[in-house]
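Below: one structure, written as C-alpha cells.
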Amino acid sequence: MSTQKQHRFPWNHVIGFILSIALTLLAVFVAFQTDFSSNVVLWIIGSLAIFQALIQLFLFMHITEGKEGPVNVINMIYSVFLALVIVFGSIWVLTSGHAAM
Amino acid sequence: MSSHVETPLEYRSEQSQMNILGFWIFLGAEIVLFSTLFASYFVLEHNTADGPAGQDIFILKDVLIETFLLLTSSFTCGLAIHSMRNHNLKGLLTWIVITLLLGAGFLYMEINEFIHYVHEGATLQTSGFTAGFFTLLGTHGAHVTLGIGWITLLIIQLVKRGITEKTASKFFIASLYWHFLDVVWIFIFTFVYLKGMVM
Amino acid sequence: MSFDEILVTGDPLIFASQIAIGLTMIGLIALITYLKRWKWLWSEWFTTVDHKKIGIMYIISGVLMFFRGGVDGLLMKAQTSRPGLEVLDAQHYDEIFTTHGVIMILFMAMPLLIGVMNVVVPLQIGARDVAFPKLNALSFWLFFVGAMLFNVSFVLGGSPDAGWTSYFPLAGKEFTPGVGNNYYAIAIQIAGIGTLATGINFVVTILKMRAPGMTWMRMPMFTWTSFITSIIIVAAFPIFTIALLYMTFDRLFGTHFFTVASGGDPMLWLNLFWLWGHPEVYIVVLPAFGMFSEVIATFARKNLFGYKSMVVSVAGIAFLSMLVWVHHFYTMGNSAAVNSIFSLTTMMIAIPTGVKIFNWLFTLRKGRIEFSTSMLWALAFIPCFTIGGVTGVMLAMAAADYQYHNTMFLVAHFHYVLIPGVVFAVFAALYYWWPKMFGFKLNEKIGKWHFWLFVIGFNMTFMPMFFVGLDGMSRRLYTYSESTGWGAWLGFSAIGSLILAAGFAALCYNIYWSFRYAPRDVGSDPWHARTLEWMTASPAPHYNFAVVPEVEQRDDFWHKKKREETGLKKADLKPVHMPNNSWMPIFLASAIGLVGFFLVFEWFTLAIIASVGIVIGLIANSFDYDDGYHIPVDELEEEEREWRGDLK
C-alpha cells in the first residue's frame, strides 16, 4: 500500500505543469520556426507529446501508487500497444493497396 | 495537515481500491476508443472532397488558448487532490471550482471554433476529413462536458458529506478522468492541429 | 417514417409472427398476473444484483435467442433445400441471414457464455459476488434491451438486410434506405456497451477477489480463460463502439465516413469491423475452452494436463487475436506485403490452439473416463473443432483464399468452429453446472438423445457446405438452378438441420422434464469435481460461501475432500456483507433502450425527451450511498445446517 508522505507544497504538480507548458511551446516552435523536413518535425512533436502524456500519468495521475501500481502500468503498456496496432495497422492496411493507387 | 505517513483515504476500503482499479481498466478501453478515432481520422485526413483542408481553417492562437486552458485545469485538478489528501476541504473545493471554470472556458472556445469552421464551409457532412475531425474532437468535447456534469455532482456531495473514504475515492476517480482528457488533448493538439498546419 | 407506417405489413410469415408475438405477450402478462408473481419478479429477478441470478437470466435470454436464430437458420435451409424454391423472396432471405448471424453471435453465444461466466467465476474463485454487482446488472439489462430492440425490427419498421457484417457501401443509406440498418447500428451499440462493462467487471473481479491463497497458477482453467476473455473484451469492444457510431452518423446525419462519394472510405468499415470482429471470435471461443478443460478434467478423474502451457497458449491467442484481422478481407485489394504478414500471423494462431487440443487429449489418456452427457459434448468437440481449425488454416493462406472467399466453404468453416467451440461448450457447461444453479441434474437419458441428435444433425447440416463451397457456391445465395448439381447436397443439409432442431427440442424437453421430475437430492458435489464451486451447497446460497475457503494448491477442493477437510466450523462464521438490490440498472437500461428506439426511427425530439431519463438515472446513481447489508451469523448457521447437517 502506498504510504507516501504528503508534502506541504506539491512540487511534483508544479514541475509537471511547467514542463507541460514548456513542451507545448517547444512543439509549436519546432513545427513553425525550424527548417526540418515535415517527417522529422512529426517525429519530434510526436515524442514531445508522448513525454507530456507520461508527465500526466506519473506526476498527476500517480499511476504507480496503490496496491495495483504494477497492474496499472501493465494495463497502460498493453493499451498503448493496442493503440499502435490500431493506428499504424489501419493506416498501413488502408493506404498501401489498391486504395493508394 | 501534518506530513504523517498514512494510506490516502481513497484507498482505504477494498471496494474503493476495486473502483479505482476498475476505472484504470476503463481508461485502457478509452485509449482504444480514442485510438480508433485517431486511426480513422488519419485515414480520412486527406479526403477533403470539395471542402477545406486542415491548414485552410485551423487557427493556431485559438488552439493554443484551448491547450493552455486544459493543461492548467489538469494542474489545478492535481492541486485539488493534493488538498484532499491534506484533508483540506476548502482548498479542495476552491481548486475544483477553478478546474471546472477552466474546463468550461475550454468548451466555450471549442464551440466557437466549431462555429467558425462551419462558417468557413466545413460542416460535419462536408467530407471524410470533416467527419473524422468533428467526431474525434466532438467525442473529446463530449467527454469534457460529461466530466463537468459529473464533478459538479461530486461537489454537492463533498459539501454535504465532507471528505470521507467514499467521497474521496469518488473524486479521485473523477480526477483520473480529467487528467486523461488532457492526455487525449495533447495528442489532438499534436497530431491533428500541428500536423495539419505543418504538413 | 411516420407512425402509421411502422408496422411491417404484406408478408404472411411476418403477419403470423406479429399475431404470435401479440398473443404470447398477452398470455404471459395474464399468466403472471393470475399467479400474482409481479412483485416476486421485480424483487427477486428484475432488480437483483446477485451474479448467479444475473447469470441465469443471461442463459434464459440466450436460449430464447437460440430459438429465434435457429428458426432463421431453418428458414434458410428450407429455402435452399431444392433448386429454384420460393419459400422466401430475396428480400426476406437477406433479412433472415442478417438476423441469423447477428443474433447467433451477439445475442446467443455472448449471453450464454457471459451467463455461465457470471454463475461460475465468482464461485470458482471463492468470492461472494463480482467486483461491481450493480454494474453487472446494468450490463445484463443493456444486453437484454439491445437484444429486444434488435428483435422487434422484423415487426416494427423492417429487419436489417445487409448481412451480419453490414459492409458499406451496401449498408449505407443510399443502398439500404429504411430503418432496418438503423436497428443494427443502435441495438448492437447498446448491447456492446453492456458487454464492455462486463469485461471490466470480470477483470477486476478476478484480479482482486480471489480467495486467500489462490495464486495465479492455482486458478481453475475456466477462471483463466474468463479473465483473458474479459481482457480481449476491453481491448476490442471500444473499436466496435466507434465503428457503429460512424455507421449511425452516416445513416442518421449524412456524414461521409464510409460512403463512396465526398471522401468517405467504405474499406474503413471493413477494417474497423474486423479489428473488433476477429477478437470477438476469441471472446466467444476462449471461455468455451475453459469449460471443456473443467469438464474433461472432472470426468477423466485427472488433473488437467499441461496446465501452464494451457495458460500460456490462452494468453498467446489473446495477443495474436489483435494481429490477424485482415484475413477476413484478403480480397479487398491490399498490398502483397499486408496479405503476407496477416497470413503469417493467422497461421501462428494454430500453434497455441494445437497445444490445447493435445493437452485435452493427454488429460484423457489413461483417465478413468465417465461418459456423462457433458463429457460427451467435450469428446465430440475435439474432432469437430479440429475440422473447423484445419479448414481455418486453409483459409489463412491469402493466395488460396481468393478461391474460398465468400463461398459456402467459409460458411461451413466458421460453423465448424463456432458450433463445437461455443454451442457444444455451453451444452457441456449447462449439464455440468446445472445442479449448482438449480439443485438438480438435467436428465442424462434425454441428454444423450439431445447429444446424438444434435451432433449428427450438425455434421449433416454443415459438412455438405464444404463441398458445395469448393464447387463454387457463394454464401448468401438465395436460390440456384438445377444444373449446378448442388440440389442433393443442400437437400441432405436441410434434412440435417431438422435433426439439429430435434436435438434442440430435446434440450428444451429435458429442461421441462427435469424441472418437474428430476430428483432433488443430488448433494453439493454430484460429479466428484475438483474446483471450489462444488464446496458450497447446490443451488449455491445467495452469499456463496459461509466462510471464504483458504486455497493451498491447484484443484484445492479435490485434495480437501481426500483429507476430509470440507466441513465448516461454527466458530469461523462471521456476518457476511452483501449488496442490496437496485432498480437503477433496469431503469437506466430501459431509458437507453427508449432513446435507441426513437433514434432508429430518427425521431430526434422524442429521443432528446427520453434521454432525460438517462440523465435522471445517472444522477440518482451518483447520489446513491447504499452500503448493502450484513447477514447475521445465526441466519448463516441455519442455512448451512440445512444441507450440511450438524456443524463442527
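Chain identifiers are assigned alphabetically (A, B, ...) following the order of the sequence lines, protein sequences preceding nucleic acid strands; residue numbering begins at 1 within each chain. These values consider heavy atoms only, across backbone and side chains, with no hydrogens, waters or symmetry-generated copies.
Highest contact tally toward chain B, considering only C/Phe253, C/Phe249, C/Tyr625, is held by C/Tyr625 [criterion: heavy-atom pairs under 4.5 Å].
In this structure a side-chain-to-backbone donor-acceptor pair under 3.5 Å is present from B/Gln157 to C/Ser622. In this structure, the side chain of C/His256 engages the main chain of B/Gln125 through a donor-acceptor pair within 3.5 Å. Listed for the B/Gln17 side chain is no donor-acceptor partner under 3.5 Å among the backbone atoms of C/Lys208.
Counting all heavy atoms, side chain and backbone alike, C/Val204 lies closest to B/Gly22 at CG2-CA, 3.4 Å. In plain terms, the two heavy atoms of B/Ala29 and C/Leu196 that are nearest each other are CB-CD1, 4.1 Å.
Rounding to the nearest 0.5 angstrom, the gap separating the CD1 atom in B/Ile156 from the CZ atom in C/Phe623 is 4.0 Å. Here B/Ser40 contributes atom OG and C/Leu272 contributes atom CG; the two are 4.5 Å apart, rounded to the nearest 0.5 Å.
In this structure, the side chains of C/Pro238 and B/Thr36 stay at 4.5 Å or more apart for every pair of heavy atoms. The closest side-chain heavy-atom distance from B/Met18 to C/Met209 is below 4.5 Å. B/Val32 has its side chain out of reach of C/Phe237: every pair of non-hydrogen atoms, C-beta onward, lies at least 4.5 Å apart.
Interface remark: B/Thr126 contributes backbone atoms only to the contact with chain C (heavy atom separation under 4.5 Å). For B/Asp50, no part lies under 4.5 angstrom from a heavy atom of chain C. Contacts between B/Gln15 and chain C at a heavy-atom distance below 4.5 Å involve the side chain alone, from C-beta outward.
For the side-chain contact (heavy atoms from CB on, under 4.5 Å) criterion with B/Phe26, the lone passing option out of C/Ile200, C/Val203, C/Val234 is C/Ile200.
Taking the salt bridge (charged side-chain N to carboxylate O under 4.0 Å, His left out) definition, one finds that C/Lys173 meets it with C/Glu602, sequence neighbours left out.
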